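First the proteins, then the strands, lettered A, B, ... as listed; each starts at 1. Every value quoted in this text rests on a predicted model; they were computed, and no experiment measured them. Basis for what follows: all heavy atoms, side chains included, without hydrogens, waters or symmetry-related copies.
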2 protein chains.
Amino acid sequence: MPKQTVVSRYHHGNLRQSFIDAACEYLKHASAESLSLRELAREIGVSQTAHYRHFKSKNALFAAIAIDGFELLHKVISEAQEKHEEDFSVTFTEVGLAYVNWAITNPEKYQMLHDSLLIDIAQYPALLTASKQSFEDLTNLIEKGIAIGFFIPRAVPELAGAMWVCVHGIASLLMTRSKMLSAADVDNPAAQAIEQLSQDPRATIELLVQSIRR
Amino acid sequence: MPKQTVVSRYHHGNLRQSFIDAACEYLKHASAESLSLRELAREIGVSQTAHYRHFKSKNALFAAIAIDGFELLHKVISEAQEKHEEDFSVTFTEVGLAYVNWAITNPEKYQMLHDSLLIDIAQYPALLTASKQSFEDLTNLIEKGIAIGFFIPRAVPELAGAMWVCVHGIASLLMTRSKMLSAADVDNPAAQAIEQLSQDPRATIELLVQSIRR
DNA sequence: GGCCTAAGTTGACAACGTAAACATCTAAGC
DNA sequence: GCTTAGATGTTTACGTTGTCAACTTAGGCC
């Protein structure tokens, strides 16, 4: 009898990340509400309670996804910023676009990232710091824009809030679209607007940024 | 023996609306995810499956809330529009503000209204028509604004989309706040921005509307 | 080489959404 | 005014879920 090539699988080896990945994959096409830990466990091929060695609860899994999300978002934004340093106008638009694109590419993470603000941020300190860092990326840019006279001279939270509204609004509406599987009704004006938004998010960002231009 | 003063309670009389009301009350302070039909039934004082005579499923209850929501929203917007007819600038701002205020006053309905777009709009025709009507309120206003030269002359879906982004973004972020029960961190810039937004949503609306002004 | 501990499993529990069969009330038609 | 069909509410049951406690396995450290 040949040597057993399949090594012992009692220990999975990377179960924590497997759960996060499987959950993200699921959440791309369905809501957090309907996610079943047991179903994930079945997919991965472990027992129905294996995840308890890695996540204290279902919400803890979601929090882990959100933390991952904040870190990825921060990276994406930083990269966009470094890539377009020459002209502040371009920088700002590209950062906004990077935010939106990341959100629609990773709707499940963005959803968690936003939902996490609602529910249990106090319970997960790492989540709080991750969220602060992400928002600082925005306020720093706004401050710079005010300093160089690119934006109107108003309080930072006011301008940051307005721009957050814009990118979050776009991301949120586009996620609606990405989850509406087949409902691209031609006669639905709301769907039309979302379609328009989807095909050229940069145009809308550029438009809305005008409102805080000096 | 005196006549029985308590009439028969076998039939509740208004169970459908009671379920909607109880669900809304619950959803004001918690997520749809955690809502339990059996708990609602217990509160109302009926059996755990009584709702099946009125709602085919849990999602159907949510859809009913969303339909209610769309109708209420339409009413609120129409009223705001009629109340401020004199100056188009005022009209438009007030309609946006009415949208936002309604959303934060009825977060559970707004949430359902938005979530319904994601999940099962195709299954509930009444939901589709209700959502179309609400969006038409916006496009009609935009068309008028373009016609009188108040807005820049661009495609309606483009401008409507941009303004939808704004009011939905504000509403969405403010709902985040309203559900963050105690977390008004002073040192959290994101919370600061939301607080600012909350105290004067009109200012942000007026600011963002500038971006599509002629 | 034996043990400690992290990682995974088993079995159990209460709660949930849903379904089918049953009970009760209400109103419409004769 | 009685009958009866249909609407409304109940009971019982099933499969699934999140979570817990107790158990088993495996790999690294002395």
Between P of C:dG8 and CG of A:Leu37, the distance in whole Å: 15 Å

Donor-acceptor pairs under 3.5 Å, side chain of residues 63-74 of chain B to any protein atom, not counting sequence neighbours: which ones?
residue	atom	partner	partner atom	Å
B:His74	ND1	B:Asp137	OD1	3.3
B:His74	ND1	B:Asp137	OD2	2.6

Of all pairs that satisfy salt bridge (Lys or Arg N to Asp or Glu O under 4.0 Å), the ones with a partner from residues 158-172 of chain A, not counting sequence neighbours: A:Arg154-A:Glu158

Counterpart residues, ring-ring contact (aromatic ring centres under 6.0 Å, His included), relative to A:Phe135 (two or more places apart): A:Trp164

Separation of atom CD in A:Glu33 from atom P in D:dT17, rounded to whole Å: 14 Å

Side chain to side chain contact (heavy atoms under 4.5 Å, CB included) assessment of A:His114 paired with A:His168: CA-CA 9 Å; A:His114 188 247; A:His168 169 66; 3.6 Å; yes

Contacts of type side chain to side chain contact (heavy atoms under 4.5 Å, CB included), residue A:Asn106, not counting sequence neighbours: A:Lys28, A:Trp102, A:Glu108, A:Lys109

Length of the CZ-P vector between A:Phe19 and D:dT19, whole Å: 12 Å

Nucleotide C:dC25, atom P - distance to CG of B:Leu15 in whole Å: 16 Å

Using a cut-off of under 3.5 Å, enumerate the N/O to N/O pairs linking the protein to nucleotides 13-15 of chain C.
none

Within residues 45-54 of chain A, residues whose heavy atoms come under 4.0 Å of DNA chain C: A:Val46, A:Ser47, A:Gln48, A:Thr49, A:Ala50, A:Arg53, A:His54

Results of salt bridge (charged side-chain N to carboxylate O under 4.0 Å, His left out) for A:Arg202 - residues two or more places apart only: A:Glu94

d(CG, B:Leu35; P, C:dT18) in whole Å: 11 Å

Stems where DNA chain D pairs, listed by first number, each of three or more Watson-Crick or G-U pairs under 3.5 Å: C:1-30 with D:1-30

Those residues that, when tested against B:Ser34, pass side chain to side chain contact (heavy atoms under 4.5 Å, CB included) (two or more places apart): B:Tyr26, B:Ala30, B:Ser31

Partners meeting ring-ring contact (aromatic ring centres under 6.0 Å, His included) with B:Phe92 (sequence neighbours left out): B:Phe151

N/O donor-acceptor pair under 3.5 Å between A:Thr91 side chain and A:His84 backbone: yes

For A:Val46, all residues meeting side chain to side chain contact (heavy atoms under 4.5 Å, CB included), sequence neighbours excluded: A:His12, A:Leu15, A:Phe19, A:Ala41, A:Ile44, A:Ala50

A:Arg16 CZ - C:dG8 P separation (whole Å): 12 Å

Sugar-phosphate only, base, or nothing, as touched by A:Ile44 at under 4.0 Å among non-hydrogen atoms: nothing

With sequence neighbours excluded, residues passing side chain to side chain contact (heavy atoms under 4.5 Å, CB included) with B:Thr129: none

Atom-pair distance (NZ on B:Lys58; C1' on D:dT17), nearest Å: 12 Å

